[in-house]
There are 2 protein chains.
Amino acid sequence: MSPYDPSAFPPFAVTVDLVVLTVRRHALCALAVRRGEPPFQGRWALPGGFVRADEDLSAAAARELVEETGLCAHDPDSPVQANGAHLEQLATYGDPKRDPRMRVVSVAHLALAPDLPAPRPGGDAHSARWAPVEALLHQGGYGREGEQAAPLAFDHAQILADGVERARSKIEYSSLATAFCPPEFTVGELRRVYEAVWGVALDPRNFHRKVTGTPGFLVPTGGTTTRQGGRPAQLFRAGGATLLNPPMLRPDA
Amino acid sequence: MSPYDPSAFPPFAVTVDLVVLTVRRHALCALAVRRGEPPFQGRWALPGGFVRADEDLSAAAARELVEETGLCAHDPDSPVQANGAHLEQLATYGDPKRDPRMRVVSVAHLALAPDLPAPRPGGDAHSARWAPVEALLHQGGYGREGEQAAPLAFDHAQILADGVERARSKIEYSSLATAFCPPEFTVGELRRVYEAVWGVALDPRNFHRKVTGTPGFLVPTGGTTTRQGGRPAQLFRAGGATLLNPPMLRPDA
DNA sequence: GTGTTTATCGTCAGGCAGACGACTATGATC
DNA sequence: GATCATAGTCGTCTGCCTGACGATAAACAC
């Protein structure tokens, strides 16, 4: 067969789904939207949508991110911009039965964002919220208001689990944890990011030595914080280094 | 718009492309096929093909791998089988202009295989060969027979570069380097795999201490090799461990 | 002031990696 | 057979990094 005969290959729908992670109140949270239509009507799902005819995959992901959160994705090569989130491709899911209606291949992306005031319910989503990943992943967990959480729609639980695992491993050997922080942050805030993502407690003294001793990870801005209780902390910005060598190892793992 | 109206989303062709890597004569080599049709007729490309209507992405990749090389992919959960290769999803490439004829989204996969007798020219490919990745990646490099190597077709140079980088980093913290080796191998053979993939020289003594001291990485089979020149070496099989902790760090990097 | 909280600096022991010496066991060469 | 070249294996030493943890500093609450 000619591989270029338009009738010789099956047509697919291609979507992007987003795993948008942030740290809120010491917990790793993901953005979830409630589905307004069948299948899985009323169930929580990851935000996403169809890739347009003349749109790159990363552009589609960035567009969905803006629609859902108002966040601008910045690519790693450009300088950090305000309100920017890290965005990268995660994996592609194409089980023939993952969508009961038709053949859909979804290119999942992972976004890491600082804590946002509130999920913006604009765009397609009828309602959106931040939910702790544990509650979303473990069927039978309870949401914030106490309602029983049903499993995520489609294969989104698997996608979310893969995204969380990617984030957990990637902050080990890269400076990506700063993507969870505002433009200026303290060592303690960065440590609480690691603790929330990994779900462990870290020694503040060893953590401080490690991150301040890694060249290019943090650059002091000169300012300090006045915060409730405790000695004021030095403020830092993310440095130019993207890879941590040696890595920040999580306990046990 | 309704996201489920079949006319509401653009149709895509979905393919899988394969980065098949092996180590031959101390060099990291990739499988390349020569294109028999335009566009890029006569140029080298990565093997690949369309995903079938009712076929999972990984199944399509495994099918293409068999067609091109005769290798059976084994998923990481099942026990290692003879003539098996490691296969994993790499990334998805969907630039609207990556194929001049139509909109094609390609889900690239990475395969790692032991050195094979010869590329099997069966299947669609008119001709196939193993080529050092350096020759394939650097435009203007020269092939084995001295002919000038043209750049790979489509965005396959980028895909190959991403696959090579994935392999280079993954053998750091996993036992995947054994996928380049036959079922039984010596520490020296494994070291030469690392040296070929990374393009560096490693200290044989420190390497031996590291790999034999990592629990679950290697299990001795009891046998030894009779090889030309040098003291016979102990034979090993790949152990059950998949993650190396602490990792095998490549020099500098 | 006293207590609490958080940030930051220091110290010490253990583990691991790089550099490298030494010994072993084979084939090749004279 | 002696010697050499080659490759594998075992040890030693040193420096760096990390985990455990003591001590000090600077804010707030009472």
Side-chain angles (χ1 to χ4, degrees), chain A residues 25-26 171-173 181 184-196 198 200-237 241 243-253, chain B residues 25-26 171-173 181 184-196 198 200-237 241 243-253:
Chain A
R25 302 197 221 96
H26 287 216
I171 64 174
E172 277 193 295
Y173 57 89
C181 295
E184 293 198 354
F185 52 91
T186 69
V187 173
E189 288 169 350
L190 184 62
R191 174 169 50 82
R192 279 183 282 275
V193 164
Y194 274 91
E195 291 177 332
W198 284 345
V200 297
L202 299 175
D203 186 291
R205 297 157 292 189
N206 293 335
F207 183 86
H208 188 278
R209 178 183 57 190
K210 173 69 177 175
V211 297
T212 57
T214 300
F217 192 7
L218 301 180
V219 287
T221 65
T224 56
T225 41
T226 42
R227 316 184 58 253
Q228 79 294 358
R231 168 177 168 178
Q234 220 177 337
L235 283 172
F236 294 87
R237 283 183 298 102
L243 258 51
L244 305 185
N245 203 329
M248 172 101 57
L249 295 171
R250 57 179 141 173
D252 304 330
Chain B
R25 302 197 219 96
H26 287 216
I171 64 174
E172 277 193 295
Y173 57 89
C181 295
E184 293 198 352
F185 52 90
T186 68
V187 173
E189 288 168 349
L190 184 62
R191 175 169 50 83
R192 280 182 282 274
V193 164
Y194 274 92
E195 292 177 332
W198 285 344
V200 298
L202 299 175
D203 185 291
R205 297 158 291 189
N206 292 335
F207 183 87
H208 188 278
R209 176 184 61 190
K210 173 71 177 173
V211 295
T212 57
T214 300
F217 192 7
L218 301 181
V219 287
T221 65
T224 55
T225 41
T226 43
R227 317 185 55 250
Q228 77 295 356
R231 170 176 167 178
Q234 220 178 338
L235 283 171
F236 294 88
R237 282 184 299 103
L243 258 52
L244 305 184
N245 201 330
M248 172 99 60
L249 295 171
R250 59 179 140 171
D252 305 327

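Basis for what follows: all heavy atoms, side chains included, without hydrogens, waters or symmetry-related copies. All chains are named by letter (A, B, ...) in the order of the sequence lines, taking the proteins before the strands, and each is independently numbered beginning at 1.
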Restricting to side-chain hydrogen bond (donor to acceptor under 3.5 Å, both in side chains), what partner residues turn up for B:Arg231, sequence neighbours left out?
none

Partner set under ring pair (Phe, Tyr, Trp, His ring centres under 6.0 Å) for A:Phe207, not counting sequence neighbours:
A:Tyr194

For B:Glu184, which residues count as a salt bridge (Lys or Arg N to Asp or Glu O under 4.0 Å) partner, sequence neighbours excluded?
none

Rounded to whole Å, how long is the line connecting atom CD of A:Glu172 with atom P of D:dC17?
18 Å

B:Arg237: partners by side-chain hydrogen bond (donor to acceptor under 3.5 Å, both in side chains), with sequence neighbours left out:
none

Please work out which residues in residues 184-193 of chain A have a non-hydrogen atom less than 4.0 Å from an atom of DNA chain D and list them by number.
none

First and last nucleotide of DNA chain C touching chain B, 5' to 3', heavy-atom cut-off 4.0 Å?
C:dA17 to C:dG27

Is B:Glu195 reaching over with its side chain to a backbone N or O of B:Leu202, donor-acceptor style, under 3.5 angstrom?
yes

Closest contact, heavy atoms only, A:Pro251 versus A:Val200
CD-CG2, 4.2 Å

Spacing of B:Leu235 atom CG and B:Leu218 atom CG [to the nearest 0.5 Å]
11.5 Å

Can you name the residues that form a salt bridge (Lys or Arg N to Asp or Glu O under 4.0 Å) with B:Arg192, not counting sequence neighbours?
none

If the condition is side chain to side chain contact (heavy atoms under 4.5 Å, CB included), which residues does A:Ala196 pass it with, not counting sequence neighbours?
A:Val23

Find the distance between OG1 (A:Thr225) and CZ (A:Phe185) and round it off to the nearest 0.5 Å.
12.5 Å

Report the distance from atom CG of A:Asn245 to atom P of D:dC16, rounded to the nearest whole Å.
15 Å

Residues which pass side-chain hydrogen bond (donor to acceptor under 3.5 Å, both in side chains) with B:Arg209, listed by chain and number, not counting sequence neighbours:
B:Asn206

Going by the rule side chain to side chain contact (heavy atoms under 4.5 Å, CB included), which residues pair with B:Pro246 if we only count those two or more places apart in sequence or in a different chain?
B:Lys210

CG of B:Asp203 to NE2 of B:His208, rounded to nearest 0.5 Å, is 12.0 Å

DNA chain C-proximal residues of residues 229-237 of chain B, any heavy atom under 4.0 Å
B:Gly229, B:Gly230, B:Arg231, B:Pro232

In residues 200-224 of chain A, which residues come under 4.0 Å of DNA chain D by heavy atom?
A:Asp203, A:Arg205, A:Asn206, A:Arg209, A:Lys210

